[in-house]
Amino acid sequence: MTLPANGDRAALAPKSVSGDRLCRLVGERTGDTDLAHDARVVSQVLPFKVSSYVVDELIDWDLAPNDPIYRLTFPHRDMLDIEHFELVEEAVLAGDKEGIRQAVTKVQYALNPHPSNQLSMNVPQDEELDAWGLQHKYPETLLVFPRQGQTCHSYCGYCFRWAQFVERPELKQAVPAPETMTNYISRHPEITDVLLTGGDPLVMRTDLLASYLEPLLEPGREHVETIRIGTKALSFWPYRLLAGPEADSLLRLLERLTAAGKHVAMMLHLSHPTELKTDAVKAALSRLASTGAVLRAQAPVVRHVNDDPHTWAELWQAEVRNGVVPYYMFVERDTGARRYYGMPLATATEIYRGALQRVSGLGRTARGPVMSATPGKVAIDGVVELDRGPAFALRMLQARRPEMVGRPFFAAYDPHAQWWDELRPYGTRDREFFGADVEVDAR
Ligand code: SF4
């Protein structure tokens, strides 16, 4: 793929495939009709979209379907339980639209569309304004879901926000206009950090993005010191930063924010070292850094994509080489296609330790593995042997109750546990972190 010429609208709207075209592409590129059939069934339930950049420049089709970027972006039958797969498959083969709709609805709701009580606990309950599309879980940080940013250039199969992209308005979080955000911020001086998220805010036109960000420079909002933008555009469509007036205006916008004294953090979602290998991404990173924004990287550790320490060590080293600070290794959340991508916490911990051992201090800045769970961000610091047997050593990096932050605590070791709600307090002193209704481990 060559760079679009200046002014080419393709720089903003990449060619991407989804739906039936995506399934045909699987068949054409892999020559495997079963894979194409499976993709057709699974993509009824979970959203899939792949940009031409990912297809042409990132995936090694000689390795597909075992190429990690293919696994990251293309559907696989094991993403659904067998009974769910067969339910949808039957309706698809029958060509019965209403049957497909009913089967898909049933399966989507069974996949825990909004994990960790996001809607019931994170959306502010404000009597005077409608805060739908905002999340305020920690006092200092506000998450904003701009309506126009609720898609991505490609979708990740493991996406924990997949419910944003399916045709279900009742599942979609989105603020209709910047005023929802600015009115809320003006009433909450404790907010120091605003995170634009989605979806991917960089799918938005720059003028729309500016309509959310420039009001943060206005008098009365000085308490907002940090602006974070979560994006995977560097991996899925780096031309957003490279070509045409939209790219240039985005860079100027970031420059205005940093020049005004805001700390601008680009929260780059980087899953695999391949994403940092093209000339396009290297140029895009360099342009982004020139604005004064700080570049940080995060991603979940997932099977089929980055489930070994060598991959993470290579990723962190490549990030450091390209001026990006490794920030988080997350645990795959309990939603969507976790049955395909998830792994035991014990395995994630070993991968994290193994990766740390292979990089210098500058690559060891990623915290992990971390669960972004209902009570807060919980880091697994390792497995320790205590008097009654092994335990996970845990620490809250961030918490709904700030007094919990930084205090070590323990959960009974469970080699199969994949998420916070499968853990039990090791002893009575650990119980306060889990909630009074969670029983202490009886071993
Ligand atoms: S980039 Fe983020 S929001 Fe978009 S599909 Fe991937 S995980 Fe989901």
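The analysis underlying the following values was restricted to heavy atoms, covering all of them including side chains, and did not include hydrogens, waters or symmetry mates. One-based numbering, in listed order, for ligands and for the atoms of each.
The G199 neighbourhood of ligand 1 comprises atoms 3 (S), with distances under 4.0 Å to a heavy atom of that residue. Residue Y155 approaches ligand 1 through these ligand atoms, each under 4.0 Å from one of its heavy atoms: 5 (S).
Regarding atom 2 (Fe) of ligand 1, its nearest protein heavy-atom neighbour is H269 ND1, 3.7 Å. Counting protein heavy atoms only, atom 8 (Fe) of ligand 1 is closest to C159 SG, 2.3 Å. Ranking the protein heavy atoms by distance from atom 1 (S) of ligand 1 puts K232 CB, 3.6 Å first.
Residue contacts to atom 4 (Fe) of ligand 1: C156 brings no N, O or S atom closer than 2.8 Å. Atom 8 (Fe) of ligand 1 has no N, O or S atom of C152 inside 2.8 Å of it.
At least one donor-acceptor pair closer than 3.5 Å links the side chain of R400 to the backbone N or O of T374. Judged by distance alone, with hydrogens and angles left aside, the side-chain atoms of R40 form no donor-acceptor pair with the main-chain N or O of D20 at under 3.5 Å.
Shortest non-hydrogen contact noted between Y138 and K377 is OH-N, 3.4 Å.
For the pair H153 and K232, the minimum side-chain heavy-atom distance is 4.5 Å or more. Inter-residue side-chain proximity for E140 and E190 is flagged as unmet; no heavy-atom pair is nearer than 4.5 Å.
Applying the side-chain contact (heavy atoms from CB on, under 4.5 Å) test between M266 and each of T291, L254, L285, L234 identifies L254 as the sole match.
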